[in-house]
Participant: 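This structure is in structure tokens; I'll ask about it shortly.
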Amino acid sequence: MADAFGQRLAQVFGQDMAVPSPAGVVQLPPGISLGGAFSLTRQDGVAVTERDYAGQWLLIYFGFTYCPDVCPTELGRMADVMDVLGPLAGRVTPVFITIDPERDRPGNLADYVSRFHPRLQGLTGTTEQIAAVARQFRVFYARANSPNSTEYLMDHSSFIYLVGPDNRVRSLFRPDTAVEGMASMITGQLRAVSLRS
Ligand code: NI
């Protein structure tokens with residue numbers, strides 16, 4: 001937990017958070033459960049809840065469309081992972097949830113997600129709905145002060161979450177995790193669940 005990433009993890013999740021493996025995969029320690037119910041609005045304006053994704057695996061990233069660098073990089077990585085997954089990608093839905101619901105409305109979310117992957121869904125909601133889903137996933141976000149501009153940036157934690165068919169987070173990936181490593185971890189989890197059921 002000595003590196004900057006480990007310290008950030010500890011701030012977000014508490015000191016009992018597991019150390020990420022060299023591959024960048026964070027295994028959740030026993031007793032920590034992330035994910036759960038949510039109520040949001042999709043980029044096509046349709047209201048959705050976790051029940052609309054029942055039985056599917058989700059890859060979720062929280063960010064905002066005005067983000068200059070980190071969000072586009074991580075969403076590009078998620079799209080690459082989907083491509084590497086091949087036929088298994090049919091069981092995984094990639095999802096972008098905005099932490100900037102004031103500016104990210106269904107209209108501009110639709111345009112934004114279409115730039116990354118044809119199956120990427122964009123979700124927004126009311127300020128309260130976004131706060132609630134961020135709490136479920138322990139996502140940190142805050143508006144950054146930029147006194148010289150009418151636009152603002154958002155500070156936010158940056159993980160890609162792998163959510164199982166039970167709506168619970170199975171793994172999370174730190175920023176800059178290699179695409180191949182992510183894809184093989186996801187493949188392993190999907191196969192393990194198929195064998196058990
Ligand atoms: Ni960002």
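Being a predicted model, the structure only gives us computed values, none of them experimental. Order of listing sets the numbers, starting from 1, for every ligand and every atom in it.
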Participant: Can you list the protein N, O or S atoms less than 2.8 Å from the Ni ion (ligand 1)?
Facilitator: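 The answer, once waters are left aside, is Cys67 SG, Cys71 SG, His156 NE2.
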Participant: Check the angle between the aromatic planes of Phe38 and Tyr53 and answer parallel, tilted or perpendicular using the 30° and 60° thresholds.
Facilitator: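 It falls in the tilted class, 30° to 60°.
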Participant: Hey, are Arg42 and Asp44 close enough for a salt bridge, meaning a charged N less than 4.0 Å from a carboxylate O?
Facilitator: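 Yes, Arg42 and Asp44 are salt-bridged.
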Participant: Glu74: which residues meet the side-chain hydrogen bond (donor to acceptor under 3.5 Å, both in side chains) condition with it, sequence neighbours left out?
Facilitator: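 Arg77.
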Participant: Between Ser157 and Phe62, is any pair of side-chain heavy atoms under 4.5 Å apart?
Facilitator: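 Not touching, per the 4.5 Å side-chain cut-off.
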Participant: Residues two or more places apart in sequence or in another chain: which of them pass side chain to side chain contact (heavy atoms under 4.5 Å, CB included) with Thr126?
Facilitator: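 Checked Thr126 against side chain to side chain contact (heavy atoms under 4.5 Å, CB included); matches are Glu128, Gln129.
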Participant: Sequence neighbours left out, what passes side chain to side chain contact (heavy atoms under 4.5 Å, CB included) with Asp100? Give chain and number order.
Facilitator: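 Expected list: Phe64, Tyr66, Thr98, Glu102, Arg103, Asp104, Tyr152, Met154.
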